[in-house]
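Numbered from 1 within each chain, the chains take letters A, B, ... in sequence-line order. All of these numbers come straight from a predicted model, not from anything done at the bench.
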There are 2 protein chains.
Amino acid sequence: MSLSCREDPEEPLTHIDEPKSLLVREALNSPAEARALTEIMLTIFRINGRLLEKGDALVRTLGITSAQWQVLGAVSLAAKPLTAPQIAEAMGITRQGVQKQLDRMTKEDLFEKRPNPRHERSSLYWPTPKGQQIYSEAMRRESLWAQELSEGLSGPELQGALDLLRQLHRRLEAPLPKEGE
Amino acid sequence: MSLSCREDPEEPLTHIDEPKSLLVREALNSPAEARALTEIMLTIFRINGRLLEKGDALVRTLGITSAQWQVLGAVSLAAKPLTAPQIAEAMGITRQGVQKQLDRMTKEDLFEKRPNPRHERSSLYWPTPKGQQIYSEAMRRESLWAQELSEGLSGPELQGALDLLRQLHRRLEAPLPKEGE
DNA sequence: CGCCATTTGACAACTTGTTTCCATATTCGT
DNA sequence: ACGAATATGGAAACAAGTTGTCAAATGGCG
């Protein structure tokens, strides 16, 4: 949280060669659009980190983590019981990761397993009344927080940013061309 | 990657009660700005996931992970050798996490330890020529990728989205009010 | 100078999620 | 109906990061 060892930024210590020059040269060669997009990507990383912090803090006193909140949200949004792989697909993470959260939340009486008529081993999961109550309280808090956070932001600008981000997301989802692996 | 078990979305399976109604009610109570912001946050989560995938794929054939790329970037941006805690501060993670990456990369001849005149045990780290070369190639690939990805996107819209995201980031950084913990 | 709080490195345990491997269940083509 | 391809769960290993503990180094203050 603090750099006690080298506060003053100018004194030249031991340095021999400078990769920075390469970084700068590459950046200047790019068109403005690509540079803006790179900045957007970096900002998304930073915001993502902050959002995870805030999200965890928001639901901590409900006894869940934001990962568990997300699982509750995926099932609630589907409005019907889902299997672990279905939830994983909806959340964009692996089924094993989802399964761990489901196991924990089932043990904590937030989810219940139901027999799946379509599959002998792959149970369906549905929130218990306790799980539903916790989820709705989480959503209430999120809603209040979003209202506070959006205070004074321009509606059209928000919508414009959302449109662009969705476009970006669409461009990112399809191709993963193996990169000469 | 595919939901084989429940493709048809309409057939009512076993469901008893519906938290969805709560979700929808909350959403409709919120002003449009808050709803757009919530959508932006969800989209950021999704884009973040895709970006991490792509970033890893981009540098995989260079023999580094995106975490290591980030460490190289932090030191290159500073343009002088840094200690592990300084890099951690710059990256927003803990010094132990950075130290793990530094240890690995030092072993792989991507970083070299230099004696720190200010501290007997806390070494300075600087990329070796090999590390510099790998980093500059990573940046070259990133630049090409960003150009490709930004193709056809409107410059002003990109800039507008960036401005809004930065504003959002600024609003997210300060207050973490403990939430009645 | 000496005490003491802070910083740091080293180490270990834990968390969250991914990957890999295997055994079983399911689906689909013939 | 049979067999192959695909899904699935479970366990184990791995990856990246956090937290906690301890000892050594540093720096400030009386």
* Run the side chain to side chain donor-acceptor pair (under 3.5 Å) check on Arg95(A) and Ser122(A) step by step: do they pass? -> CA-CA 11 Å; Arg95(A) 65 198 169 82; Ser122(A) 189; over 6 Å; no

* Just how far, in rounded Å, is P of dG9(D) from CG of Asp103(A)? -> 10 Å

* To do: Indicate yes or no for a side-chain donor-acceptor contact from Asn116(A) to the backbone of Leu124(A) under 3.5 Å, with no hydrogens or angles considered.
  => no

* **Electrostatic pair Arg50(A)-Glu53(A), nearest N-O below 4.0 angstrom** => no

Between protein and nucleic acid, restricted to nucleotides 18-20 of chain D and to nitrogen or oxygen atoms under 3.5 Å apart, what atom pairs and distances do you find?
{"from": "dT18(D)", "atom 1": "OP2", "to": "Thr94(B)", "atom 2": "N", "distance (Å)": "2.7"}
{"from": "dT18(D)", "atom 1": "OP2", "to": "Thr94(B)", "atom 2": "OG1", "distance (Å)": "2.6"}
{"from": "dT18(D)", "atom 1": "O4", "to": "Lys100(B)", "atom 2": "NZ", "distance (Å)": "3.3"}
{"from": "dG20(D)", "atom 1": "O6", "to": "Gln96(B)", "atom 2": "NE2", "distance (Å)": "3.1"}

* Structure fact -> Per-helix bend value, the helix from dC1(C)-dG30(D) to dT30(C)-dA1(D), C1' rotation axes over five pairs per end, 10° rounding, shows 20°

* **Any Arg104(A) side-chain N or O less than 4.0 Å from OP1/OP2 of dT16(C)** => yes

* Stepwise side chain to side chain contact (heavy atoms under 4.5 Å, CB included) test for Leu58(B) and Trp69(B) -> CA-CA 10 Å; Leu58(B) 207 62; Trp69(B) 181 12; 4.2 Å; yes

* Asked: Over how many whole Å does the gap from Leu102(B) atom CG to dG17(D) atom P extend?
  -> 11 Å

* Report yes if at least one side-chain N or O of Ser122(A) is closer than 4.0 Å to OP1 or OP2 of dA25(C); otherwise report no. => no

* Could you state the atom-to-atom distance from CD of Glu120(A) to P of dT24(C) in whole Å? => 12 Å

* Between Gln99(A) and Tyr125(A), does any side-chain donor sit less than 3.5 Å from a side-chain acceptor? -> yes

* Among dG9(D), dT26(C), dT26(D), which nucleotide sits nearest the side chain of Pro85(A)? -> dG9(D)

* Does a donor on one side chain sit under 3.5 Å from an acceptor on the other, for Arg141(B) and Thr61(B)? -> yes

* Salt bridge Glu108(A)-Lys130(A), side-chain N to carboxylate O under 4.0 Å -> no

* Asked: Does a donor on one side chain and an acceptor on the other come within less than 3.5 Å for Gln159(B) and Asp163(B)?
  -> yes

* Nearest-nucleotide pick for Gln99(B), side chain only, options being dA23(D), dT26(D), dA10(C) -> dA10(C)

* **Test log, rule side chain to side chain contact (heavy atoms under 4.5 Å, CB included), inputs Leu62(A) and Glu137(A)** => CA-CA 8 Å; Leu62(A) 295 173; Glu137(A) 170 62 15; 3.5 Å; yes

* Are any of Gln68(B)'s side-chain N or O atoms less than 4.0 Å away from OP1 or OP2 of dA15(D)? -> no

* Structure fact -> Rounded to whole Å, the CD-C1' distance (Glu53(A) to dG17(D)) equals 13 Å

* Asked: Could you give the CG-to-P distance, from Leu52(A) to dG17(D), as a whole number of Å?
  -> 13 Å

* Asked: What integer distance in Å separates Gln101(A):CD from dG9(D):P?
  -> 15 Å

* To the nearest Å, how far apart are Arg118(A) CZ and dT26(C) P? -> 12 Å

* Asked: Rounded to the Å, how far apart are Ile87(B) CD1 and dG9(C) C1'?
  -> 14 Å

